[in-house]
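Excluded from the calculations below are hydrogen atoms, water molecules and symmetry mates; all remaining heavy atoms, backbone and side chain alike, are included.
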Amino acid sequence: MKHYETMFIVKPTMTEEETVAQIELVKANIEKNGGEIVSFDDMGTRQLAYEIEKHKRGHYYVMYFRAPTTSILELERNYRINENIIRFIFIKYESKKEVTAWTKLSDEAAKKSAAKA
């Protein structure tokens with residue numbers, strides 16, 4: 001399994017319950033496709049660099065996970081058909097140096113998430 005990071009932006013007009021449901025859907029999709037979520041970070045609502053679908057702000061989330069390479073296409077397809085996710089990116093960490101950086105970022109996200117709880 002490879003190490004991945006995904007960042008996605010959710011519409012800011014969603015209620016808190018809808019946003020939580022959206023996050024759970026993303027997590028379920030990753031796990032359904034053989035992935036293992038290591039950490040998750042809620043980066044909060046931020047101003048977008050440019051207007052997307054008439055939204056000037058968005059709620060940013062970052063997830064660090066391990067998954068088989070074949071699952072990424074299906075995860076991207078799920079993001080594309082989801083109307084509540086206005087932008088997303090997947091980053092693959094391959095080399096030993098990159099995996100070390102992934103581990104450090106993942107640990108920081110886990111600490112930050114634990115501090116919020």
Out of curiosity, does [Y] fall in the hydrophobic cluster containing [X] (side-chain heavy atoms, cut-off under 4.5 Å, transitive links)?
X	Y	result
Val10	Ile52	no
Ile37	Phe90	yes
Ile9	Met63	no
Tyr61	Ile30	yes

Measuring from [X]:[atom1] to [Y]:[atom2], what's the distance to the nearest 0.5 Å?
X	Y	atom1	atom2	result
Glu24	Glu31	CD	CD	8.5 Å
Lys56	Lys54	NZ	NZ	12.0 Å
Thr69	Ile72	OG1	CD1	7.5 Å
Tyr60	Asp42	OH	CG	13.0 Å
Lys97	Thr100	NZ	OG1	9.5 Å

Check your understanding: Under the side-chain contact (heavy atoms from CB on, under 4.5 Å) criterion, do Leu75 and Thr6 qualify, and how do the steps go?
Key -> CA-CA 10 Å; Leu75 293 172; Thr6 183; over 6 Å; no
Exercise for review: Pick out which of Asn78, Ile86, Asn84 makes a side chain to side chain contact (heavy atoms under 4.5 Å, CB included) with Asn82.
Suggested key: Asn84
For the student: nearest non-hydrogen atoms of [X] and [Y], plus distance:
X	Y	answer
Met43	Arg46	O-NE, 3.4 Å
Glu94	Glu98	N-OE1, 2.7 Å
Arg57	Pro12	O-CG, 3.0 Å
Ser71	Pro68	OG-O, 2.7 Å

Check your understanding: Can you list the residues that meet the side-chain hydrogen bond (donor to acceptor under 3.5 Å, both in side chains) rule with Glu18, with sequence neighbours excluded?
Key -> Thr15
With heavy-atom distances below 4.5 Å as the criterion, would you say the side chains of [X] and [Y] are in contact?
X	Y	answer
Val38	Phe65	no
Met7	Ile91	no
Phe40	Ile23	yes
His59	Met14	no
Val26	Ile85	yes

Using only atom types and a distance under 3.5 Å, with no angle test, would you say the side chain of [X] pairs donor to acceptor with the backbone of [Y]?
X	Y	result
Ser39	Ser106	yes
Ser113	Ala109	no
Lys11	Glu83	yes

Point to revise | Basic-acidic side-chain contact under 4.0 Å: Glu74, Arg77 | key: yes
Check your understanding: Does Arg80 come within less than 4.0 Å of Glu76, counting only side-chain N to carboxylate O?
Key -> yes
Point to revise | Parallel, tilted or perpendicular: rings of Phe88 and Tyr79 (30°, 60°) | key: perpendicular
Exercise for review: Would you please classify the geometry between the Trp102 ring and the Tyr64 ring as parallel, tilted or perpendicular, with 30° and 60° separating the classes?
Suggested key: perpendicular
Point to revise | Glu53 atom CD: more than 12 heavy-atom contacts under 6.0 Å | key: yes
